[in-house]
There are 2 protein chains.
Amino acid sequence: MAVTIHDVAKLAGVNSSTVSRVINGKATITPDTKERVYAAMRELDYHPNSLARSLASGLSGAIGVVVNARDAEAFSNVFFSRSLFAIEQAAQARGYQVIIANGAQSRGGTIEALMKEHKVDGLILPPTTVKPALMDTIGDFPYVVLGTPDTLRSETCWVDNNNEQGAEMAVRHLQKQGYQCIAYLGGHQKRGFTKRRIRGYQNANSGTETILNTDGTAENAYTLAFDALKTDDHPDAFVCNDNLAAFGLLKACKELHLSVPQEIGIVAFDNYPLAEYMDPPLTIVDIDTAMLGEQSVQLLFRRIENKVGNQQIMLSTNLVVRASSERKAK
Amino acid sequence: MAVTIHDVAKLAGVNSSTVSRVINGKATITPDTKERVYAAMRELDYHPNSLARSLASGLSGAIGVVVNARDAEAFSNVFFSRSLFAIEQAAQARGYQVIIANGAQSRGGTIEALMKEHKVDGLILPPTTVKPALMDTIGDFPYVVLGTPDTLRSETCWVDNNNEQGAEMAVRHLQKQGYQCIAYLGGHQKRGFTKRRIRGYQNANSGTETILNTDGTAENAYTLAFDALKTDDHPDAFVCNDNLAAFGLLKACKELHLSVPQEIGIVAFDNYPLAEYMDPPLTIVDIDTAMLGEQSVQLLFRRIENKVGNQQIMLSTNLVVRASSERKAK
DNA sequence: ATCATCTGTGCAAACGGTTGCACGATGTAA
DNA sequence: TTACATCGTGCAACCGTTTGCACAGATGAT
């Protein structure tokens, strides 16, 4: 049915191994022969069967991106999808396919299946999957964790943005703007990156320490912020764990007639598309998700080619200053 | 190196073809034999090589999801990533892998490569790729378009939500709430789904027709809405093409001290995570992205199994009524 | 008891490439 | 001229499955 390498070989008057070598460019071939092969390929509209290729070469030509999302909302968070965009781009540039696999850990087997059934040559994993059991089965199969694992931090291979540094930067910025009493708002305490952001907050904070952890919703952030702001000695600035928290906070400020940034300063993590349209526009600790995605793929390829051992890459974050924290500005 | 079907066969004392039949369950096998094979598989921790399997069976066991995103923002739009979540889920339930491929049309070849190199058994395509040239090369390869193609609408296979009906529903709802002069705000005119929403708006609208197309940004929506609302006989309600447009509109209303929903009613397409936290919470024409994704995969599988010809599936939308359009409520 | 049918399993040929080895032709140095 | 690399290509084994065909033994009908 489909045209194979043998058909091309016959038409070009050479052996199929020669065609293979022309395609892969690994051997020296007479320009004349090469031309005849190319011509035959063109004439027959030949496309090599990647499955046969993979079987023979032992390489699937794909990488797997594992996600751990319960629902569509978790899956569609900007952090993840922006990184995925960069991952796909970098992989495509190297001729690799990207396979996404959600909820891979739940059945306890999908990650293992992806590797052992030779569906992928390497994996990009979320930090939550990093557990001793998995690391045992993964052996020296190439993988990169996108984020900092809570455990086995120094023995695994990962790429992350520096959340601690980001929070420190946020606090220092607020301090420079003259805010005195800075609080931290939002995020589940149990999540690693929240913990690290809070640590950064604590490192840089010199005033009273106020940490208001939420369940992750804007609603909850609103409630907690409202209560905190009602008190007499309320905080005059907040570092928010994400845009949702900042959104709840803004609402609370509005209702209590506290002006932002005059009375309350706000810096939030994550640059949501809406952040700059908020009222006032939000100052943001921006995570370079594109760089994060790209670096993770590059590192993964180095691992696949066995050029390096486990490595850790920490990218720094950027502060995007907007009106919500610029006291002098207004 | 890796354990193969032959190792299992040897240990179980049978032929490898028997092992294959046990795995695939297509033939009748003596319970006793079956048990021995399973035991051997367990003992050796055998995982069938999917590449060899695919080569022999001619099926890759993967579907490709093609996207057309220039940048990370376009890629991470909630519509797409929510659908992708559902697609992945439905595919996984059938034991299929999901491969994502971005910008596949640009090089003019990636879609073709995915099919002709046997990387996928079927494709989910964005409407923008549907052009006569592609349909020629795609032949009877299984595919489903996620959205309504602008061309070849009746000859292609697609799944979409009923944008026209959604807009009609929005207008009728606003009319019932007593709004008289309803405008349409947002969206590029050239995009198919925007056109269809506008058609729905026109179908149901009985007052003056006002269509304010934007470049897609909240900024632009703000500007256009501001100008429109400054006039004496300004609209008293808007159907917004997306949440961003609604966001710009809300800002304009606030600055002009027009209260929502008393003076201005708003309904917007797409249920962004922040929509219900806005002030006031937005009434939404909700698209069931999960259903959209699932239906497209189910249809694709029917095509792969050659059970059906090209089909079109149109899903209706739901109105989620919140404060932004409930005049009587407040 | 005989013959036809059915069941479970083995054999071997695909599936469509890659690649180590061999070998003739050509080039280079003595 | 001889001896020895080097280069380009063919041969054939191999990657790990699936599957059509064959066949022996069990089953059932007559």
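Side-chain atoms are counted along with the backbone in the values below, which use heavy atoms only and exclude waters and symmetry mates. Here the structure is a predicted model, which is why all the values come from computation and not from measurement. Numbered from 1 within each chain, the chains take letters A, B, ... in sequence-line order.
- Taking 4.0 angstrom as the limit, N15(B) places a side-chain polar atom (N or O) nearer than this to OP1 or OP2 of dC11(C).
- Here the closest non-hydrogen pair linking I87(A) and S296(A) is CG1-OG, 4.1 Å.
- For the OP1/OP2 pair of dT9(D) and a distance below 4.0 Å, the side-chain nitrogens and oxygens of S17(A) include no atom meeting the criterion.
- At the heavy-atom level, T30(B) lies under 4.0 Å from the strands shown only through sugar-phosphate atoms.
- Under the side chain to side chain contact (heavy atoms under 4.5 Å, CB included) criterion, P126(B) pairs with V66(B), N68(B), T128(B), T129(B), not counting sequence neighbours.
- A 6.0 Å sphere centred on CG of D140(B) holds no more than 12 heavy atoms belonging to other residues, nucleotides or ligands.
- Across all strands shown, S20(A) has heavy atoms under 4.0 Å from base atoms, whether or not it also approaches the sugar-phosphate.
- The separation between I5(B) atom CD1 and dG10(C) atom P is 12 Å, rounded to whole Å.
- In this structure, R303(B) and F141(B) approach most closely via the heavy-atom pair NH2-O, 4.3 Å.
- Residue V19(A) is classed as having no contact, given no heavy-atom separation below 4.0 Å to the nucleic acid.
- Taking atom CG of N24(A) as the reference point, atom C1' of dT19(C) lies 10 Å away to the nearest angstrom.
- A heavy-atom distance below 4.5 Å is found between the side chains of I100(B) and L84(A).
- Across the protein-nucleic acid pair, I29(A) atom CD1 and dC7(D) atom P stand 13 Å apart, rounded to whole Å.
- For the pair P142(B) and D121(B), the minimum side-chain heavy-atom distance is 4.5 Å or more.
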Annotated protein contacts, base or backbone, on nucleotides 21-27 of chain D with a non-hydrogen cut-off under 4.0 Å, one of B, S, - each:
-------
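- In the displayed structure, M291(B) atom CE is contacted under 6.0 Å by at most 12 heavy atoms of other residues, nucleotides or ligands.
- With rounding to whole Å, I23(B) atom CD1 is found 10 Å from dT18(D) atom C1'.
- Counting only heavy atoms from C-beta on, T28(B) has its side chain closest to dT7(C) among dT17(D), dT7(C), dT19(C).
- Less than 4.0 Å separates DNA chain D from at least one heavy atom of each of the following residues of residues 32-62 of chain A: T33(A), L55(A), A56(A).
- Remark: the N15(B) side chain and the S17(B) side chain contain an N/O donor-acceptor pair separated by less than 3.5 Å.
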